[in-house]
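Here's the structure, in structure tokens; my notes come after.
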Amino acid sequence: MELTQLIRIFRAHWAIIIVATLVGGLIAFGWTLIQPKTYSADATGTVTSSETSTDAGTSLMFENLAKSKVKSYMQWAKTRSVAEHAIDELGLKTSAESLVGRISVDNPIDTPVIRVVASAGTPEAARDLATAWLNGLAKEGERQAGITDETEKGVSPVLILRVTESASLPTSPTFPNVKLSIVIGLIVGLLIGIVYALLKSILDRRLRTAEQVEREFEVPVIGAVPIDRAFQTVERLGKASATDATDVTRSQSALGESMRELRTNLQFMNVDAPPRVLVVSSPLPGDGKSTITANLALAMAASGERVIVIDADLRRPTVAKTFGLVESVGLTDVLAGNAELADVLQPWGAAGNLLVMGAGKHPPNPSELLGSNAMGKVLDELAKAAIVLIDAPPLIPVTDSAILAARTDGIILVASAGKTTTDAMGKALQNVDRVGVKPLGIILNRMPLKGPNSAYYGYGYSYREYTSAEREKSEPRSSHSRRSEPRQASTSRKVFAGKQHD
């Protein structure tokens, strides 16, 4: 995994990592509050001669003997007899075995010093136990010397253990260590957060970025449409005026820019023979293909292109309802021979560049109708007059879109960022590949505007809504008049000469 990928993962999951770190620290702090406090105190004793000597040689001899004798004291340091002496001295009601577990004794290397460390639940108890234990060890040494070494008993001086430093009262508990526990908790929480972010990224099969899509499927991403409140206006165009909807696609917002970018990418996809009939589909329902189709048509129409939108989703049609047009007539009536194209193409907008063909009545055999020769003739006729955008059913549930794609210039797939999985997209591409069609590209819909997976990540552009006065200055009014009139069949000429929709 590359460093840039790690950075992107951490940027995407930074909140979880921070929360996990803080929770780890809080849990560690809470753990310290419920633990019984333990205090430790130490007392120091030295094995030395019972008498002092001014002779250097004698002093050195006694010192060497003391270093040897200290090993015997270390053997007696945690015996039952020493524990019982401490119990008697302090008047404790506990067993010798449990008391031994609270004592540690050590001897610094090459010294006659013995250090006793005692642990207890209060500072006073720890201090008293350390001192009493050292006193008991001294008594045990004297007793052992008098019983086992008769020769040494009659010799003067005698090597004994003296208390050189009594235990002092501890000021803070040695367990739990609050600072150390919190640091460990923070580190553990951080590691858990990082592991979670990595696992979530590795196991997450949802499509999120253009780089991920192109890496997984080797299909270009021709557009990234962000989440925008403006979609609330254009998702049901029938509830808004034509001017309002056109303003959305012409605005300098992220949404407007994304639709213009998508329009431009389609225009330059093949300069010599640009696609005229396009199928817009998605792997599964709910990816936003119908909304993308409607807004792409608006963007093309705003630039002066003549556009026809066909609702070929004969099972769940939404296009006519989206534009607020008549839903009872449409494509199925033309394919059945019950209506002419001019009868079912409904103009929308003031410019007259956009026409909409609804699905019509629900047929019992949608796949057969879309794959019929009549459908091919309809598409050929309409392509002479305008760019045709076909809103087709999802690819995975039904085969309608794949059948249509084989009769058109190509298919565009819409994926919902953060929702569409790689498995679903892979299945959809397989269905398209079975009919020998290579998809023109993929549109990532509902991309976040901010964050590592945003639609404009790394570009640093900012978008704002321009006023109508600013827009008039930046856009030429005669752009439509400069466009040459394409050659049309008689039916197409009647269609575009028809009365505009109010």
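Keep in mind that the numbers below use all heavy atoms, side chains included, and drop hydrogens, waters and symmetry copies.
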Chi angles and distances behind the side-chain contact (heavy atoms from CB on, under 4.5 Å) call for Met74, Lys71:
CA-CA 5 Å; Met74 291 298 295; Lys71 296 178 181 179; 5.6 Å; no
Using only atom types and a distance under 3.5 Å, with no angle test, would you say the side chain of Ser201 pairs donor to acceptor with the backbone of Leu198?
no
Tell me, with the steps shown, if Val105 and Tyr73 meet side-chain contact (heavy atoms from CB on, under 4.5 Å).
CA-CA 10 Å; Val105 183; Tyr73 278 95; over 6 Å; no
Sequence neighbours excluded, every pair satisfying salt bridge (charged side-chain N to carboxylate O under 4.0 Å, His left out) that has a member inside residues 19-33:
none
Closest approach of Ala86 to Leu99 (non-hydrogen atoms, all atoms of both residues):
CB-CD2, 4.2 Å
Contacts of type side chain to side chain donor-acceptor pair (under 3.5 Å), residue Gln75, not counting sequence neighbours
none
Pro112 versus Thr46: any side-chain heavy-atom pair under 4.5 Å?
yes
Looking at Asp287 and Ser282, would you say the former's side chain and the latter's main chain have a donor-acceptor pair under 3.5 Å?
no
Could you tell me which residues satisfy side-chain contact (heavy atoms from CB on, under 4.5 Å) with Asn265, sequence neighbours excluded, listed by chain and number?
Ile222, Glu261
By side-chain contact (heavy atoms from CB on, under 4.5 Å) - contacts of Leu90 (at least two apart):
Leu92, Asp128, Leu129, Ala132
For Ser166, which residues count as a side-chain contact (heavy atoms from CB on, under 4.5 Å) partner, sequence neighbours excluded?
Thr131, Val163
Tested for side-chain contact (heavy atoms from CB on, under 4.5 Å) against Leu278, the lone hit among Ile390, Leu440, Thr408, Leu296 is Leu440
Does the pair Met425 and Val219 meet the rule for a side-chain contact (heavy atoms from CB on, under 4.5 Å), with working shown?
CA-CA 11 Å; Met425 181 58 71; Val219 177; over 6 Å; no
Spell out, as yes or no, whether a donor-acceptor pair under 3.5 Å connects the side chain of Asn107 to the backbone of Thr111.
yes
Donor-acceptor pair, distance only, cut-off 3.5 Å: does the side chain of Glu214 make one with the backbone of Val221?
yes
Name all residues meeting the side chain to side chain donor-acceptor pair (under 3.5 Å) criterion together with Ser168; count only those two or more places apart in sequence or in a different chain, and write none if there are none.
none
Only residue of Thr318, Ile292, Val279 satisfying side-chain contact (heavy atoms from CB on, under 4.5 Å) with Asp391 is Thr318
Is the backbone N or O of Asn64 less than 3.5 Å from a side-chain atom of Ser68, with the two atoms forming a donor-acceptor pair by type?
yes
Decide yes or no on side-chain contact (heavy atoms from CB on, under 4.5 Å) for Thr291 and Asn295, but give the supporting numbers first.
CA-CA 6 Å; Thr291 304; Asn295 283 274; 3.4 Å; yes
Residue pair Val70 / Ile114, side-chain heavy-atom distance below 4.5 Å
yes
Ion pair check, Asp204 and Arg206, cut-off under 4.0 Å:
yes
Check: Ser95 side chain, Ser98 main-chain N or O, donor-acceptor pair, under 3.5 Å
yes
Per the salt bridge (charged side-chain N to carboxylate O under 4.0 Å, His left out) rule, what does the pair list look like for residues 84-95, sequence neighbours excluded?
Arg80-Glu84
Side chains of Thr48 and Arg162: any donor to acceptor distance under 3.5 Å?
no
Would you check if the side chain of Trp133 reaches a backbone N or O of Ala77 as a donor-acceptor pair within less than 3.5 Å?
yes
Rounded to the nearest 0.5 angstrom, the NZ-CG distance for Lys438 and Asp433 is 10.5 Å
Taking only residues two or more places apart in sequence, or in another chain, which ones meet Glu140 in a side chain to side chain donor-acceptor pair (under 3.5 Å)?
Ser81, Arg143, Gln144
Of Asp400, Val398, Leu314, the residue whose pairing with Ser367 passes side-chain contact (heavy atoms from CB on, under 4.5 Å)
Asp400
Contact list for residues 160-182, test ring pair (Phe, Tyr, Trp, His ring centres under 6.0 Å), sequence neighbours left out:
Trp31-Phe175
Less than 4.5 Å apart, side chain to side chain, heavy atoms only: is that true for Pro173 and Thr38?
no
For Ala197 versus Ile9, what's the shortest heavy-atom pair and its separation?
O-CG2, 3.7 Å
Atom CD1 in Ile16, atom NZ in Lys200: separation rounded to 0.5 Å?
6.0 Å
Out of curiosity, Ser290 OG to Asp313 CG, how far, rounded to the nearest 0.5 Å?
6.5 Å
Do Val113 and Thr164 come within less than 4.5 Å of each other through their side chains, counting heavy atoms only?
no
On a heavy-atom basis, which atom in Ile103 and which in Ala118 lie closest, and how many Å separate them?
CD1-CB, 3.5 Å
Restricting to side-chain contact (heavy atoms from CB on, under 4.5 Å), what partner residues turn up for Ser40, sequence neighbours left out?
Val117, Ser119, Thr174
Tell me, yes or no, whether the heavy-atom count around Arg316 atom CZ, taken from other residues, nucleotides or ligands under 6.0 Å, exceeds 12.
no
I'd like to check Ile403 versus Val435 (side-chain heavy atoms, cut-off strictly below 4.5 Å). Are they in contact?
no
Which pairs count as ring pair (Phe, Tyr, Trp, His ring centres under 6.0 Å) when at least one residue sits in residues 197-217, sequence neighbours excluded?
none
Side chains of Glu257 and Pro226: closer than 4.5 Å at any heavy-atom pair?
no
Looking at Lys139, I'd like to know if its NZ atom is crowded, meaning that more than 12 non-hydrogen atoms belonging to other residues, nucleotides or ligands lie closer than 6.0 Å.
no
Please check if atom CD in Glu218 has more than 12 non-hydrogen atoms from other residues, nucleotides or ligands closer than 6.0 Å.
no
Looking at CG of Leu404 and CG of Leu395, how far apart are the two atoms once the value is rounded to the nearest 0.5 Å?
10.0 Å
Here the pair of heavy atoms bringing Gly45 nearest to Leu161 is C-CD1, 3.7 Å
Straight-line distance of Thr209 OG1 to Leu444 CG, nearest 0.5 Å
7.5 Å
Could you pull out the closest heavy-atom pair between Met447 and Ala417, with the gap in Å?
SD-CB, 3.4 Å
Would you give the length of the straight line joining atom CG of Asp110 to atom NZ of Lys67, rounded to the nearest 0.5 angstrom?
4.0 Å
Thr293 vs Thr322 side-chain heavy atoms within contact, under 4.5 Å:
no
Which pair of non-hydrogen atoms, one from Pro317 and one from Ala359, has the smallest distance, and what is that distance?
CB-CB, 3.4 Å
So do Val82 and Lys78 actually touch side chain to side chain, heavy atoms under 4.5 Å?
no
For residues 176-195, tabulate all N or O donor-acceptor pairs below 3.5 Å that involve a side-chain atom, not counting sequence neighbours.
| unit_1 | atom_1 | unit_2 | atom_2 | d |
| --- | --- | --- | --- | --- |
| Asn177 | OD1 | Lys179 | N | 3.4 |
| Asn177 | OD1 | Leu180 | N | 3.2 |
| Ser181 | OG | Asn177 | O | 2.7 |

